Amino acid sequence: MLKNDRLCNKLKEKKFVITVEISPPKGIEVTKAIEEARKLKGIVDAINITDSPMANMRMSPIALAHILQDHLNIETIFHLTCRDRNLIGLQSELLGAYALGVRNILALTGDSPLLGDTPQAKGVYDVDSIGLLRMIRALNSGVDYNGNKIDSPTSFCAGTTANPNDLRKEAIEKLYQKVEAGAEFIQTQPVYDKEVLFKFLDKAKEVKVPILVGVLPLKSYKMALKLIEKVPGIEIPKRILEKLEKGGKEEGLRLAVEFIEEIKDRVAGIHVMPMGSVDFVFEILSRIEEMPLVEKEVETK
C-alpha cells in the first residue's frame, strides 16, 4: 500500500527532494504515461501530473495520478487550476481526489483558455491560487469553503508555484500570501541563471517552506526560442542561447547538470520538466555528483 505522506514528511525533514512533471494524454490511452512513470520509480520522490497545461485539453490529472499510484505504487502531485471549475466543482474534485488516495496538490490559478486549443471556453476563476489554498486548508480543518462542516477532515499536502525570474515586490509579496494561505512547498517555474535564482531566494528568505527549483532541460536552440515565445515567464540568457546554438542537445544536458550542481546546496530540491523526454532525466541525474538518493518504499500487504 502506498504511503502517500512520504513527500510532505521528507520536505518537513529538510531532505533533498526530486520531482518530475509529466502531462496526461489527450485521449484515454494511458500506457505511455504509465511507462514513463515506471522509468522514474525509485529515481524521483514524486511525479507531477499537469492540469490541461497551457489551457490545452487533457485527461483529468486526478484520474491519471490515481492510476499511477495504483499501478506503480509511486507518489504523485496533481495540479489543480481555478480556470475550469467553480467553487462547488473545485471542492468536489478535492474530495474525490482524497477518496482516491491522491493527497499531494499543486494549486494553480491556470492559464487563460484563449491560449489553448479551446479558445471559446470561458475561464471560471471564482478564486485564484491563493483562494484555492485557503479552500484546501479549510477542508484539512474539517469544513468547506463557506465554513460548513464536512464528515471528516482531509490531510492534503498542498504546494504552489513561483517565478524566480520575477523579482518585483508585488510578485514576492504574492508568494508570501500563498504561504500564509496554506502552501507547504513551492515548485518554481524554470530558471536558467543561478544569479537570478539566488536573488530570488534572498528576497524570499522569510518563506518558511521548502522551495523546489524548476529545471527544464533545453534540447536545442530552436526549442529554447520556442519556449521564450510561447511560455509566459521564461527567460533564457543570451549566453545560454549562444551555447545551445553551437552545442545542441549535449550542451543543453551539460548546462542542466552544471546548473543543478551550482544550486543544489541552497535549495530543498529540484522539479524537472522534461517535456516528454523522461530519459533526459536519467542522463541529467546520473551526472550529478553526490545527488541525494530517493528513499525506497517498503511495500506492505
Side-chain angles (χ1 to χ4, degrees), residues 21-33 36 47-68 76-100 102 104-139 144-146 156 158-163 165-166 170-171 174 177-178 181-183 187-190 214 216 223 225-234 271 273-276:
E21 182 173 295
I22 66 173
S23 292
K26 189 176 178 67
I28 60 173
E29 180 53 62
V30 297
T31 302
K32 180 182 177 182
E36 286 181 339
I47 296 177
N48 282 62
I49 314 294
T50 59
D51 184 9
S52 293
M54 297 297 292
N56 292 307
M57 187 278 291
R58 295 290 185 272
M59 176 186 286
S60 160
I62 296 171
L64 184 58
H66 171 65
I67 289 169
L68 296 184
T76 61
I77 305 168
F78 76 93
H79 295 198
L80 188 63
T81 73
C82 306
R83 175 189 59 233
D84 308 317
R85 310 159 183 90
N86 65 15
L87 288 174
I88 298 170
L90 286 169
Q91 292 175 95
S92 177
E93 291 277 62
L94 287 165
L95 295 176
Y98 194 84
L100 290 171
V102 184
N104 304 312
I105 310 171
L106 195 71
L108 304 159
T109 298
D111 301 307
S112 167
L114 294 174
L115 298 174
D117 56 7
T118 315
Q120 70 271 34
K122 294 181 179 179
V124 181
Y125 303 114
D126 277 355
V127 290
D128 60 7
S129 57
I130 295 173
L132 179 54
L133 287 163
R134 289 173 179 151
M135 179 186 295
I136 296 164
R137 185 172 61 186
L139 294 176
D144 68 12
Y145 189 73
N146 286 334
F156 286 112
T160 191
T161 59
N163 182 4
N165 299 300
D166 189 349
E170 52 266 42
K174 186 172 182 179
Q177 289 172 15
K178 289 179 178 182
Q187 290 180 316
T188 80
Q189 292 185 30
L216 199 167
M223 174 188 176
L225 293 181
K226 188 174 181 180
L227 286 172
I228 294 170
E229 177 188 356
K230 299 290 186 180
V231 182
I234 284 191
H271 175 56
M273 293 160 265
M275 301 287 285

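No hydrogens, no waters, no symmetry mates; every other heavy atom, side chains included, goes into these values. Note that the coordinates shown come from a computational prediction; the quantities given were computed from them, not determined experimentally.
At least one donor-acceptor pair closer than 3.5 Å links the side chain of Ser60 to the backbone N or O of Ala63. The backbone N or O of Glu21 sits nowhere less than 3.5 Å from a side-chain atom of Asn48 that would complete a donor-acceptor pair. Side-chain atoms of Asn165 come within 3.5 Å of backbone atoms of Pro190 as a donor-acceptor pair (strictly under, hydrogens ignored). Using a distance-only test at 3.5 Å, with no hydrogens or angles considered, no donor-acceptor pair links the side chain of Thr188 to the main chain of Ala162. For Asn104 (side chain) and Thr76 (main-chain N/O), a donor-acceptor pair under 3.5 Å exists by modelled atom type.
Taken from CG in Leu106 to CD1 in Ile77, the straight-line distance is 7.0 Å, to the nearest 0.5 Å. Here CG of Leu80 is found 8.5 Å from CE of Met135. Values are rounded to the nearest 0.5 Å. Atom CD in Glu93 sits 4.0 Å away from atom CD1 in Ile62 (nearest 0.5 Å). Separating the CD atom in Gln177 from the CZ atom in Arg134 is a distance of 7.5 Å, to the nearest 0.5 Å. The CD atom of Glu229 sits 8.5 Å away from atom NZ of Lys226, with the distance rounded to the nearest 0.5 Å. Distance check, rounded to the nearest 0.5 Å: CG of Leu94 to CZ of Phe78 gives 5.5 Å.
Closest of all the heavy-atom pairs between Ser112 and Ala55 is O-CB, 3.3 Å. Nearest heavy-atom pair across Thr160 and Ala183 is CG2-CB, 3.7 Å. The shortest non-hydrogen separation linking Pro113 to Tyr125 is CD-OH, 4.0 Å. Across all non-hydrogen atoms, the minimal contact from Val102 to Phe156 is O-CE2, 3.5 Å. A pairwise comparison of heavy atoms in Ala33 and Ile22 identifies O-CD1, 4.2 Å as the closest pair. Scanning both residues, Asp84 and Val124, for their nearest heavy atoms gives C-CG2, 3.8 Å.
Residue Met54 qualifies as enclosed at atom CE: its count of foreign heavy atoms under 6.0 Å is above 12. No more than 12 heavy atoms of other residues, nucleotides or ligands sit less than 6.0 Å from atom CD1 of Ile88.
Contact of the Pro24 side chain with the Thr50 side chain is registered, since non-hydrogen atoms from C-beta on lie closer than 4.5 Å. The side-chain heavy atoms of Gln189 and Leu216, taken from C-beta on, include no pair separated by under 4.5 Å. The side-chain heavy atoms of Thr161 and Asn163, taken from C-beta on, include no pair separated by under 4.5 Å. Residues Glu36 and Pro274 form no side-chain contact, since every pair of their non-hydrogen atoms from C-beta on lies 4.5 Å or further apart.
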(message) Applying side-chain contact (heavy atoms from CB on, under 4.5 Å) to Thr118 and Gln120, what does each step give before you reach the verdict?
(response) CA-CA 6 Å; Thr118 315; Gln120 70 271 34; 3.7 Å; yes
(message) With side-chain contact (heavy atoms from CB on, under 4.5 Å) as the criterion, how do Met59 and Val30 come out once you've worked through the C-alpha distance, each side chain's angles and the decisive distance to 0.1 Å?
(response) CA-CA 9 Å; Met59 176 186 286; Val30 297; 3.5 Å; yes
(message) As a quick check of understanding, evaluate side-chain contact (heavy atoms from CB on, under 4.5 Å) for Tyr145 and Val127, giving each step before the final call.
(response) CA-CA 11 Å; Tyr145 189 73; Val127 290; 3.5 Å; yes
(request) Please assess Lys174 against Asp166 for the test salt bridge (Lys or Arg N to Asp or Glu O under 4.0 Å), listing each intermediate value before the final yes or no. (result) CA-CA 11 Å; Lys174 186 172 182 179; Asp166 189 349; over 6 Å; no
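Side chain to side chain, Asp144 and Asn146 fail the donor-acceptor criterion of an N or O pair below 3.5 Å.
With Asp128 as the fixed residue, the side chain to side chain contact (heavy atoms under 4.5 Å, CB included) test singles out one of Thr109, Leu133, Leu108: Thr109.
Using the six-membered ring where Trp is involved, His79 and His271 have ring planes that are tilted, between 30° and 60° apart.
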